[in-house]
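Accompanying notes for the structure given below.
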Amino acid sequence: MTAALRPTKHTLDLGPAVELVSKEEGHRQPLAPEFVSAEDFSPLEVAYDFGRVRREDIEAGPRSIWRYKKLLPVPSNVEEIPNTEPGGTRLVRADRLAKALGLKRVWVKDDTGNPTHSFKDRVVAVALAAAREFGFDTLACPSTGNLANAVAAAAARAGWQSVVLIPSSLERAKILTTAVYDGNLIAVDGNYDDVNRLATQLAAEHETWAFVNVNVRPYYSEGSKTLGFEVAEQLGWRLPEQIVVPIASGSQLTKVDKGFREFGKLGLVEETPYKVFGAQATGCSPVSTAFRNGHDVVQPVKPDTIARSLAIGNPADGPYVLDVVNRTGGAIEDVSDEEIVEGIRLLARTEGIFTETAGGVTVATAKKLIETGKLDPDAETVLLITGDGLKTLDAVEGRIGPKATVPPSVDAVRQALEG
Ligand SMILES: Cc1ncc(COP(=O)(O)O)c(C=O)c1O
């Protein structure tokens, strides 16, 4: 269940990280490339001793996730080590989208601007930095697509080997945008949950392979806190009132919340109340279903949706997503494939941002949450747009295209525009 601890070349430096703690019963253990507690079999999470962290120190840092290095499990000199330098993406005031949705104030966190065009560059950069400290030499993952891109690119930049496992049915663009980095890309005949199981077996066998979302998952997942940190800093050092987050494994949602709480506890923002909302595709909505039924466990499902990046039928952090959403007073909804495409088109038409299917899920879910009275139209709302539409062109293929194809004449264009 856990990878063997690699001998490290030097004293372990993971910055403010001090221990791992089990999520269920709080058992503590030393920092290691392990992800499940041997005591209570629950996921392990990084515990910190932050000391004093000031706004000025963060503001003086680089325009990447490393400005928050004092809040991450990474070495103190992390920005000097070759990496893809993710983060620092735009927070866009989205007035036209707000109007279309019937909301007063909406911000879009546009994470398509990362090096491989999704938020996964954040988590992979943190995982790679921690994996280096543990003495691994190969970066690996099972992936629904975006993680594959991020791992292959980060390994290439670091001069590491990569082993990336994907379901063979993945979007063509996501396969090509991983293969281009020339690592070991393996397409598996099976769905993501099959691929994930395979990765767990391989992680136990290969002690020099860091599977970012398996054996070094506690470190990897902390990278998603930087989405929360950036949103709060970009809002002028304050928390939004509502945030809508897409769910696959559920890690991102729980860590955005953790980021907000850490900023609050450290006095970097005022601890104002906020609600966290979750977004899923109906064709893979185990967490949304559990929320609707008032359950605290998540029943696995077999995914069938165009939102393949979110197609995790057995989400590792499902129960913790339910905890966060219930604690903050949010909600979870799911939307059909048709609504996802509409969500993609709505964001493109109102804000000029082309998102992948996961972003379509977020926008369409926000719309549904407003219609069902769960999102407050008067509260300031942030939508997390976590990936780029160029990777999921098949979702819009055949539904959009030129208004007309005409000969090169002014009359023909005029007629086409009038028609
Ligand atoms: C674009 C995009 N957004 C959101 C997610 C959800 O991430 P998590 O597994 O942390 O819930 C994924 C997961 O692959 C993704 O690719």
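Small disclaimer: the values here were computed from a predicted structure and weren't measured. Numbering of ligands and ligand atoms starts at 1, following listing order.
In summary, the atoms of ligand 1 found under 4.0 Å from a heavy atom of T144, numbered by their order in the structure, are 14 (O). Numbered from 1 in the order shown, with element, the atoms of ligand 1 that lie under 4.0 Å from a heavy atom of E356 read 1 (C). Interface atoms of ligand 1 facing A358, defined by a heavy-atom separation under 4.0 Å, are 1 (C), 2 (C), 3 (N). Residue G250 has at least one heavy-atom neighbour below 4.0 Å for each of these atoms of ligand 1: 8 (P), 9 (O), 11 (O).
The 12-atom threshold is exceeded at NZ of K23, counting heavy atoms of other residues, nucleotides or ligands nearer than 6.0 Å.
Within the 4.0 Å heavy-atom shell around ligand 1 one does not find K255. Residue contacts with ligand 1: P246 is included, with a non-hydrogen atom under 4.0 Å away. Ligand 1 is approached by L310 to a heavy-atom distance shorter than 4.0 Å.
A donor-acceptor pair under 3.5 Å links the side-chain atoms of Q234 to the main chain of T89, judged by distance alone.
On a distance-only criterion, F119 and ligand 1 share no N/O pair closer than 3.5 Å.
Ring pair F134/F136 is perpendicular by interplanar angle, where above 60° counts as perpendicular and below 30° as parallel. Using cut-offs of 30° and 60° for the angle between ring planes, the Y68 and F229 rings count as tilted.
A donor-acceptor contact closer than 3.5 angstrom links the side chains of Q29 and E34. Between the side chains of D337 and T305, a donor-acceptor pair is found at a separation under 3.5 Å. Side-chain polar atoms of T116 and N149 form no donor-acceptor pair below 3.5 angstrom.
Looking at E241 and Y274, their side chains never come closer than 4.5 Å, going by heavy atoms from C-beta outward.
Atom 3 (N) of ligand 1 has T386 OG1, 2.6 Å as its closest protein atom, hydrogens excluded (heavy atom only). In this structure, atom 10 (O) of ligand 1 lies nearest to the protein heavy atom Q252 N, 2.8 Å. Remark: minimum distance from atom 8 (P) of ligand 1 to any protein heavy atom is reached at S249 OG, 3.4 Å. For atom 16 (O) of ligand 1, the closest non-hydrogen atom on the protein side is N146 ND2, 2.8 Å.
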